[in-house]
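Naming: A, B, ... by sequence-line order, numbering from 1 per chain. Just so you know, these numbers use all the heavy atoms, side chains as well, and skip hydrogens, waters and symmetry mates.
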There are 2 protein chains.
Amino acid sequence: MKERLYLYDTTLRDGQQTPGIDFSVEDKIAIARMLDEFGLDYVEGGYPGANPTDTAFFTEKRTRHARFSAFGMTKRVGVSASNDPGLALLLQSRSDVVCYVAKSSQYQVRVALGCTDEENLDAIRASVEAAIAAGKEAIIDCEHFFDGFKANADYTLACALTAFEAGARWVVLCDTNGGTQPAEVREIVGKVIAAGIPGSHLGIHAHDDTGQAVANSLAAVEAGARQIQGTLNGIGERCGNANLVTLIPTLALKPNYADRFETGITPERLATIAHLSRSFDELLNRAPNAQAPYVGASAFATKAGIHASALAKEPSTYEHVEPESIGNRRKVMVSDQGGKANFIAELKRRGIEVSRDDSRLDTLIAMVKEREAEGYAYEGADASFELLARRTLGTVPDFFSVESFRCMVERRFDVNGQIKTVSEAIVKVVVEGEVRMSVAEGHGPVNALDIALRKDLGRYQSEIEDLELVDYKVRILNGGTEAITRVLIESQDASGARWWTVGVSDNVIDASFQALMDSIVFKLMKNRELAGLVAAE
Amino acid sequence: MKERLYLYDTTLRDGQQTPGIDFSVEDKIAIARMLDEFGLDYVEGGYPGANPTDTAFFTEKRTRHARFSAFGMTKRVGVSASNDPGLALLLQSRSDVVCYVAKSSQYQVRVALGCTDEENLDAIRASVEAAIAAGKEAIIDCEHFFDGFKANADYTLACALTAFEAGARWVVLCDTNGGTQPAEVREIVGKVIAAGIPGSHLGIHAHDDTGQAVANSLAAVEAGARQIQGTLNGIGERCGNANLVTLIPTLALKPNYADRFETGITPERLATIAHLSRSFDELLNRAPNAQAPYVGASAFATKAGIHASALAKEPSTYEHVEPESIGNRRKVMVSDQGGKANFIAELKRRGIEVSRDDSRLDTLIAMVKEREAEGYAYEGADASFELLARRTLGTVPDFFSVESFRCMVERRFDVNGQIKTVSEAIVKVVVEGEVRMSVAEGHGPVNALDIALRKDLGRYQSEIEDLELVDYKVRILNGGTEAITRVLIESQDASGARWWTVGVSDNVIDASFQALMDSIVFKLMKNRELAGLVAAE
């Protein structure tokens with residue numbers, strides 16, 4: 001019989017404190033749906049009354065399964081609960097739960113509230129009672145709990161006990177400044193339980209200011225707490241909150257937790273958490289963190305030759321959990337460091353079979369090492385690698401060739417004396433023996449070249465209509481403007497597929513051209529593979 | 001009397017395993033210097049013999065104070081230490097230390113090595129003895145230590161004890177797959193010490209696969225280990241290694257560690273760790289993580305709201321440590337009071353005096369904010385900032401103006417059918433009313449523009465003879481080739497002075513041009529300052 005752990009998401013409230021993140025009502029509706037469908041127990045929507053967005057968001061209940069929680073402050077000192085307009089807004093909101101933030105540090109009560117210890121306790125009691133009277137579940141976030149406890153344990157405990165005795169379902173211990181260490185969390189949670197609040201009513205709210213929000217949350221659970229507050233991808237004020245996307249797989253897959261506890265997240269849902277994490281970044285319009293635990297693109301990627309050979313023999317030798325269990329996948333990368341096993345595994349994943357003693361494999365490995373010495377980085381450009389491999393091992397059709405190109409950037413004062421910069425590119429391509437010239441202007445020479453290059457590819461034109469450049473990276477490999485330039489380009493098409501290509505040259509335009517060419521050829525090849533026509537070409 | 005903790009950096013070795021990161025020899029030299037000057041105890045440089053870069057890097061000793069460590073495998077089974085070419089390369093390298101990775105899990109010995117338990121123990125013993133005989137310090141990284149211990153504690157302990165008894169200075173317990181939890185680390189480290197290896201000879205090597213590399217490292221220290229292995233900004237294979245940039249401030253500033261332990265990092269050095277972290281990202285040409293513990297731009301940032309007012313009253317109410325102690329700054333997004341003080345300080349540092357209520361100061365602050373919103377990054381371009389400030393507050397002479405420029409890049413097949421790319425630039429400058437045109441070819445359009453621009457500046461020409469471009473960085477601020485491009489250029493002159501300038505545009509040539517212009521004008525201004533002639537202009 002496993003104990004139940006409750007997951008409380010505060011992405012829409014504490015996550016909203018992340019510098020650079022501002023949710024619209026539509027964002028919040030979309031995120032609430034994601035969280036609800038994923039199976040979290042509580043979704044905190046924000047602070048009705050604090051701003052128009054949150055007030056509008058709470059005009060409806062936004063979850064089906066999860067309990068919908070409204071965050072706010074305990075009643076103001078000096079007015080009764082029934083006469084506090086802020087409290088009224090909380091109680092009128094369409095939430096199932098009210099989560100109050102309450103001062104629980106004597107120092108904070110003095111400095112920030114400027115009221116007496118007793119007045120603060122009264123505010124906690126009255127606010128909890130008011131929520132219950134309004135038919136809502138009451139939760140107390142004890143702000144600065146750990147710092148307060150270290151300074152004056154008696155008063156901090158009094159705040160927590162007052163909330164619990166007044167009927168709060170959860171008393172949440174907040175490490176508001178994020179500086180508390182796991183050993184302190186473990187010890188203090190133990191003392192709170194000893195003081196009379198059962199762990200089944202205790203929650204933990206951790207911040208990542210020392211990089212230990214996850215560890216602090218787990219330490220609290222080990223000490224008896226049964227509710228964890230966190231956010232998607234660990235967004236939140238300053239360094240962020242405890243990352244639920246990291247915590248949930250650990251609770252579900254690590255025996256020391258999985259054997260004792262269960263959450264509302266089914267194995268089927270867990271297998272969608274990588275997708276959840278990426279969709280959330282997509283919504284935030286930011287690049288996912290490749291090194292994110294469990295869900296990052298690199299979380300199961302191996303570069304080292306010594307590891308890769310063992311990994312090929314038996315995956316579990318270098319994987320702490322199965323990538324599939326969280327909807328991620330294994331990636332054995334090709335690189336300067338890689339051994340033969342990397343190459344075979346990586347080619348196999350691309351549907352390219354080659355035997356260990358095939359001399360073309362040695363040619364490919366030699367070529368990759370040589371080119372990486374020149375500055376190419378194939379582990380970051382899988383499409384260019386696949387093209388190189390297929391050219392070496394199999395056949396890639398010569399779809400078209402570029403006879404020449406010319407880029408021109410001119411900056412001068414226009415007739416009105418305004419500085420004007422014009423970029424223009426001209427390309428001459430040969431498709432099936434037929435020469436085609438295209439010219440285009442663009443934002444900068446690379447953009448102009450990209451547009452001109454894709455303007456007229458004859459019979460292939462229709463195939464690349466949905467080809468789109470989504471990212472462009474330039475790295476100078478050695479100092480000075482005479483340096484070698486590496487360009488990485490990410491492309492995508494209507495199918496949603498994304499691929500990286502690379503180009504290297506002492507000339508940024510040249511390097512960009514190589515990467516653009518690879519991207520187009522890869523797209524054409526990909527279309528044929530799907531159509532199973534590679535052989536037919 | 002505090003106990004000494006030793007810090008072992010593996011940025012150049014395990015960090016090299018990070019997908020997308022490939023260090024050149026020059027990169028490694030620069031990073032080794034940063035680490036050495038910062039005060040780390042050990043700098044692991046890589047794996048001599050594994051690839052040409054690392055072999056070249058180990059032809060010299062690359063550190064002054066830190067012990068310089070070469071990583072490699074224990075001797076191959078079946079050959080004697082003296083007949084193992086890989087081992088020979090390690091022993092011949094210019095390192096003070098050899099750090100061997102040794103299998104310490106029976107399962108791994110069977111699956112990955114395919115040799116007997118005894119053969120592996122012999123390899124460990126012989127390899128440690130060979131390093132000591134070669135006059136080097138020997139360290140053993142026990143790969144898969146924790147997983148191995150859980151499966152078969154006796155054999156895993158035997159591997160560690162064999163290394164220790166053979167004379168290894170450090171036996172490092174590696175959580176190779178990164179799945180071990182802090183409670184397990186604490187328990188197992190305790191058992192290793194009980195088995196006879198003193199904590200003063202134990203190290204911890206943690207990975208972040210469950211987001212707890214920092215917590216695992218600290219758990220090991222609490223259990224008795226006295227060496228910590230990690231990397232700058234937590235780069236490393238898969239999800240990365242323990243982040244030294246997070247660990248070091250915690251060890252130095254959190255009483256539960258600071259009261260018991262000391263490291264080689266002085267408070268003065270600690271106050272440069274934010275700079276160290278950002279310089280490293282700059283070198284990797286990637287955007288720093290704003291939410292990074294301690295050093296992130298958001299680590300001490302507070303959004304408008306309930307916290308900001310309290311923070312204004314008393315900073316310690318919402319800060320777990322003082323930002324200055326790690327060279328970071330407080331950011332309260334509601335008032336720019338903090339901002340104003342920072343500006344005055346920045347300007348003073350450059351010998352520019354301005355009073356708090358000088359309206360030109362407000363103009364400058366507004367301008368910087370506006371331009372940083374456009375993508376300029378003055379933190380990384382001090383010369384461009386100083387120019388902007390002097391233009392706003394004082395006077396910068398109009399040395400010369402550029403009427404127009406034109407860049408052309410052409411790629412075609414030459415008479416011999418070889419692909420040939422030519423870059424050419426033409427600039428029209430006006431010096432003292434006199435128009436001068438210059439044309440130049442270069443490696444790429446920016447290099448051509450640079451050469452043409454500096455070809456004929458009339459009376460100023462002689463002053464810029466010693467001006468030299470030493471680094472050039474391009475970052476795309478938003479995806480796609482239509483993205484906004486930020487160019488950073490580092491210049492130096494014969495005096496050894498170095499300065500950074502910045503340019504931003506949707507056109508990489510335009511952005512480069514701005515940065516090149518700032519660099520030349522800064523150099524001319526600098527010359528006059530030195531000559532004390534700014535007023536005279």
Side-chain angles (χ1 to χ4, degrees), chain A residues 17 19 111-112 177-179 181-182 209-212 214-215 238-240 246 250 256 291 293 298-299 301 303-304 310 313-314 317-318 320 336 377 379-380 404-412 421 443-444 446-447 450 469-472 474-476 478-482 506-510, chain B residues 17 19-20 22 26 51 111-112 177-179 181-182 209-212 214-215 238-240 246 250 256 285 291 293 298-299 301 303 310 314 317-318 320 404-412 421 423 443-444 446-447 450 469-474 476 479-483 506-510:
Chain A
Q17 295 298 316
V111 172
N177 295 2
Q181 299 299 300
D209 296 74
T210 75
Q212 297 182 96
V214 164
R238 302 188 313 272
C239 305
T246 305
T250 296
N256 38 341
Q291 296 207 283
S298 301
K303 201 173 174 187
K313 287 185 200 165
E314 212 157 326
T317 52
Y318 285 93
H320 71 116
D336 192 76
E379 98 244 352
S404 66
F405 70 72
R406 198 162 75 245
C407 292
M408 199 269 300
V409 177
E410 188 164 16
R411 171 166 157 148
R412 61 147 55 98
T421 308
H443 308 275
V446 177
N447 179 233
D450 175 38
L469 259 56
V470 289
D471 202 358
Y472 176 77
V474 183
R475 166 103 205 258
I476 305 303
N478 48 351
T481 46
E482 299 179 14
D506 62 359
N507 183 322
V508 64
I509 307 292
D510 233 343
Chain B
Q17 298 300 322
D22 282 293
E26 292 69 27
N51 60 71
V111 173
N177 295 2
Q181 300 298 300
D209 296 76
T210 74
Q212 296 182 98
V214 163
R238 302 188 312 272
C239 306
T246 306
T250 296
N256 36 341
N285 193 32
Q291 296 207 284
S298 302
K303 259 190 175 179
E314 212 158 326
T317 52
Y318 285 95
H320 71 115
S404 67
F405 70 72
R406 198 161 77 243
C407 291
M408 198 267 303
V409 177
E410 187 163 15
R411 171 164 157 151
R412 59 146 55 97
T421 308
S423 301
H443 308 275
V446 177
N447 179 233
D450 175 37
L469 259 57
V470 289
D471 202 357
Y472 174 77
K473 289 186 171 145
V474 182
I476 306 304
T481 47
E482 299 179 12
D506 62 358
N507 182 323
V508 65
I509 307 292
D510 231 346

**Student:** Would you check if there is a donor-acceptor pair between the side chains of B:Asp510 and A:Thr421 at a distance under 3.5 Å?
**Tutor:**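 Result is yes, a qualifying pair exists.
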**Student:** Give the minimum heavy-atom separation between B:Asn177 and A:His320, together with the two atoms involved.
**Tutor:**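 Heavy-atom minimum between the residues: O-CB, 3.6 Å.
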**Student:** Report the option among B:Met408, B:Arg406, B:Arg412 that has the most heavy-atom pairs separated by less than 4.5 Å from atoms of chain A.
**Tutor:**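 Among B:Met408, B:Arg406, B:Arg412, the one with the most close pairs to chain A is B:Arg406.
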**Student:** Looking at B:Cys407, B:Ser404, B:Gly211, which one has more heavy-atom pairs under 4.5 Å with chain A than the rest?
**Tutor:**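 Ranked by heavy-atom pairs under 4.5 Å with chain A, first place is B:Cys407.
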**Student:** Which one wins on heavy-atom pair count under 4.5 Å against chain B: A:Thr250, A:Thr210, A:Ile509, A:Thr246?
**Tutor:**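 Ranked by heavy-atom pairs under 4.5 Å with chain B, first place is A:Thr210.
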**Student:** Which heavy atom of A:Ser298 sits nearest to which heavy atom of B:Pro19, and what is that distance?
**Tutor:** OG-CG, 3.4 Å
**Student:** Measure the SG-CD distance between A:Cys239 and B:Gln291 for me, rounded to the nearest 0.5 Å.
**Tutor:** 7.0 Å
**Student:** Quick check on B:Asp209 against chain A: is it the side chain, the backbone, both or neither that has a heavy atom closer than 4.5 Å?
**Tutor:** both
